[in-house]
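Worth knowing before you read on, the calculation uses all heavy atoms, side chains too, and leaves out hydrogens, waters and symmetry mates. Not measured: the values here are computed from a predicted model.
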Amino acid sequence: MRLLIALHRLRSVSRAAEELDLSQPATSLALARLRKAIGDELFIRTSHGMLPTSRCEELVGVAEQAIKAIDVAVTKQAAFDPGTARREFVLTMPDVGEIHFLPKLAAHLAKHAPSCNLRCEQIANDQMEAALSSGQVHLALGYFPNLEGPGLLRRRLFMHSLVCLVRADHPIVKSSSVSLPTFLQLSHAVVHSVGRSNELFETLLKKQGLRRRIQLLSSHFLSVPAIIAATDLIVTVPRSIAEYYARLEKLRMVEPPINIRPYPIQQFWHVRFADDPALKWLRETTASLFVEK
């Protein structure tokens with residue numbers, strides 16, 4: 001049953017074997033025995049991984065309930081020892097969030113949980129609740145105001161704000177602030193990513209009836225510092241990311257001319273996994289690293 005659950009979540013024999021601490025041949029043999037015992041293929045190999053059959057989908061929910069009942073009532077889920085445990089933690093966050101969260105998280109795991117791994121999955125906003133509920137993702141980090149399903153739990157980590165960036169020798173913006181008329185006359189770079197913080201600023205501009213020229217529209221933050229350093233564009237980004245970019249290129253942070261209220265950055269998880277000792281450790285670790293003191 002544990003194999004069935006792992007394969008359903010990971011869609012890979014090799015990754016399931018690693019999670020269950022089995023060899024790949026042993027995992028393949030176990031899957032063959034499982035198929036024979038149930039009388040169904042259970043998983044079909046495709047170019048997108050191993051896809052579950054309808055019979056498999058029926059069994060997984062029952063298997064998860066049975067395993068959870070056994071773990072809680074019989075074994076009481078032994079305490080998680082990060083120093084010796086082997087576990088893969090799956091996170092989802094915007095790419096801009098990876099810049100903020102992953103360096104500290106990866107460094108902490110390397111020191112305190114050396115045999116545990118991190119994996120980041122890009123999940124669409126409308127699929128995030130299902131991914132957390134199924135266990136495809138263990139933790140979502142970021143600003144997700146619409147993530148409000150009945151089985152979801154959350155904890156605020158910190159409040160974030162937005163700031164503008166221009167190149168250090170910008171010919172028009174020469175101070176640490178910019179007037180609204182100048183701001184609207186400038187050409188802007190805008191990043192539309194899986195995160196929602198950009199929507200805050202766009203919604204605020206729309207409510208105030210303000211229009212600007214968007215000269216560059218991108219879905220990735222990776223190229224932003226190089227673009228701003230090489231042009232007269234202005235971009236509005238989360239403050240911690242602006243501080244990071246300013247260390248990479250000759251850029252200058254500029255306070256926006258519009259009052260943008262700080263917004264909460266939170267961690268989200270599903271109640272089904274609230275008692276998992278390893279995931280509790282992950283959530284507590286994340287809080288210890290990022291909750292505002």
Side-chain angles (χ1 to χ4, degrees), residues 2 5-6 8-10 19 57 60-73 75-82 85 87-98 100-102 104-106 108-109 112-113 116-160 193-197 199-200 238 240 261-293:
R2 292 188 188 277
I5 294 167
H8 183 268
R9 175 162 45 85
L10 300 172
E19 179 169 297
E57 294 285 8
V60 165
V62 177
E64 288 176 334
Q65 292 180 16
I67 291 296
K68 183 175 181 179
I70 292 171
D71 285 341
V72 173
T75 67
K76 298 296 184 182
Q77 292 192 313
F80 176 72
D81 180 5
R87 183 75 181 260
E88 180 178 66
F89 297 118
V90 186
L91 313 176
T92 186
M93 66 192 80
D95 60 342
V96 67
E98 292 189 9
H100 185 84
F101 286 110
L102 288 187
K104 281 188 178 181
L105 276 173
H108 188 91
L109 258 69
H112 299 284
C116 292
N117 302 323
L118 288 174
R119 175 160 56 91
C120 284
E121 296 281 359
Q122 286 295 302
I123 306 293
N125 288 324
D126 60 355
Q127 298 174 10
M128 203 165 294
E129 181 181 347
L132 289 166
S133 173
S134 67
Q136 177 187 354
V137 168
H138 299 137
L139 202 60
L141 300 170
Y143 174 66
F144 302 111
N146 298 327
L147 199 53
E148 297 178 338
L152 294 177
L153 303 174
R154 71 184 69 199
R155 178 176 181 179
R156 193 178 80 179
L157 299 175
F158 55 89
M159 299 297 290
H160 221 341
S193 70
V194 70
R196 305 296 296 273
S197 60
E199 293 182 13
L200 283 173
S240 66
R261 294 172 59 184
Y263 55 94
I265 300 298
Q266 303 181 92
Q267 59 176 342
F268 299 81
W269 65 98
H270 199 275
V271 67
R272 291 180 57 211
F273 306 100
D275 295 326
D276 184 308
L279 300 184
K280 287 176 69 175
W281 177 86
L282 174 65
R283 296 191 298 268
E284 290 166 1
T285 294
T286 303
S288 70
L289 292 174
F290 299 104
V291 166
E292 290 176 326
K293 302 298 190 283

Worksheet entry | Heavy-atom side-chain proximity of Glu129 to Pro150 below 4.5 angstrom | yes

Fill in: Glu98 CD to Asp95 CG distance, which is reported to the nearest 0.5 Å
6.5 Å

Discussion item. Taking the side chain as everything from C-beta on, heavy atoms only, tell me whether Glu292 gets closer than 4.5 Å to Met159.
Written reply: yes

Practice prompt. State, yes or no, whether a side-chain contact exists between Ile67 and Ile5 at a heavy-atom distance under 4.5 Å.
Written response: yes

Discussion item. Applying side chain to side chain contact (heavy atoms under 4.5 Å, CB included) to Arg155 and Val291, what does each step give before you reach the verdict?
Written reply: CA-CA 9 Å; Arg155 178 176 181 179; Val291 166; 4.1 Å; yes

Practice prompt. Please tell me if the side chains of Gln136 and Ile123 come closer than 4.5 Å, counting only heavy atoms from C-beta onward.
Written response: yes

Worksheet item: Parallel, tilted or perpendicular for Phe101 and Phe158, by the 30°/60° rule?
Response: tilted

Response to the item:
Minimal heavy-atom distance between Ser240 and His160, with the atoms involved, is OG-NE2, 3.0 Å

Fill in: Stepwise side chain to side chain contact (heavy atoms under 4.5 Å, CB included) test for Phe89 and Leu105
CA-CA 11 Å; Phe89 297 118; Leu105 276 173; over 6 Å; no

Practice prompt. Write down the atom of Glu19, the atom of Ala6, and the distance for their closest heavy-atom approach.
Written response: OE2-CB, 4.1 Å

Practice prompt. Would you mind reporting whether Glu64 and Val62 have side-chain heavy atoms less than 4.5 Å apart?
Written response: no

Fill in: Verdict with supporting geometry, Glu148 and Asn146, side chain to side chain contact (heavy atoms under 4.5 Å, CB included)
CA-CA 6 Å; Glu148 297 178 338; Asn146 298 327; 5.8 Å; no

Fill in: Nearest atoms (heavy-atom pairs only) where Gly142 meets Phe268
O-CE1, 3.8 Å

Discussion item. Against the six-membered ring of Trp269, is Arg283 placed for a cation-pi contact (under 6.0 Å from the centre, within 45° of the normal)?
Written reply: yes

Response to the item:
When rounded to the nearest 0.5 Å, the distance separating CG of Leu153 from CZ of Arg272 is 13.0 Å

Practice prompt. Kindly assign one of parallel, tilted or perpendicular to the pair His108 and Trp281, based on the angle between their ring planes and the thresholds 30° and 60°.
Written response: tilted

Worksheet, complete the sentence: On a heavy-atom basis, the closest approach of Leu139 and Val137 is O-CG1, 3.4 Å

Response to the item:
d(Gln122 CD, Thr92 OG1) to nearest 0.5 Å is 5.5 Å

Worksheet item: So, does Ser288 use its side chain to make a donor-acceptor pair with the main chain of Thr285 at under 3.5 Å?
Response: yes

Item to complete: In plain terms, say whether Asp81 and Arg87 are close enough for a salt bridge, that is, a side-chain N and a carboxylate O under 4.0 Å apart.
Response: no

Response to the item:
Here the gap from Leu147 atom CG to Gln266 atom CD, rounded to the nearest 0.5 Å, amounts to 9.0 Å

Worksheet item: CG of Leu91 to SG of Cys120: how many Å apart, nearest 0.5 Å?
Response: 5.0 Å

Practice prompt. Specify the closest pair of heavy atoms between Ala287 and Leu157, including all atoms of both residues, with the distance to one decimal.
Written response: CA-CD2, 4.0 Å

Discussion item. Working to the nearest 0.5 angstrom, can you tell me the gap between Ile265 CD1 and Met93 CE?
Written reply: 11.5 Å

Practice prompt. Grab the two heavy atoms, one from Ser133 and one from Phe273, that are nearest each other, plus how far apart they are.
Written response: O-CE1, 3.6 Å

Practice prompt. Take Met128 and Phe144 through the test side chain to side chain contact (heavy atoms under 4.5 Å, CB included) and record every step on the way to the result.
Written response: CA-CA 10 Å; Met128 203 165 294; Phe144 302 111; 3.7 Å; yes

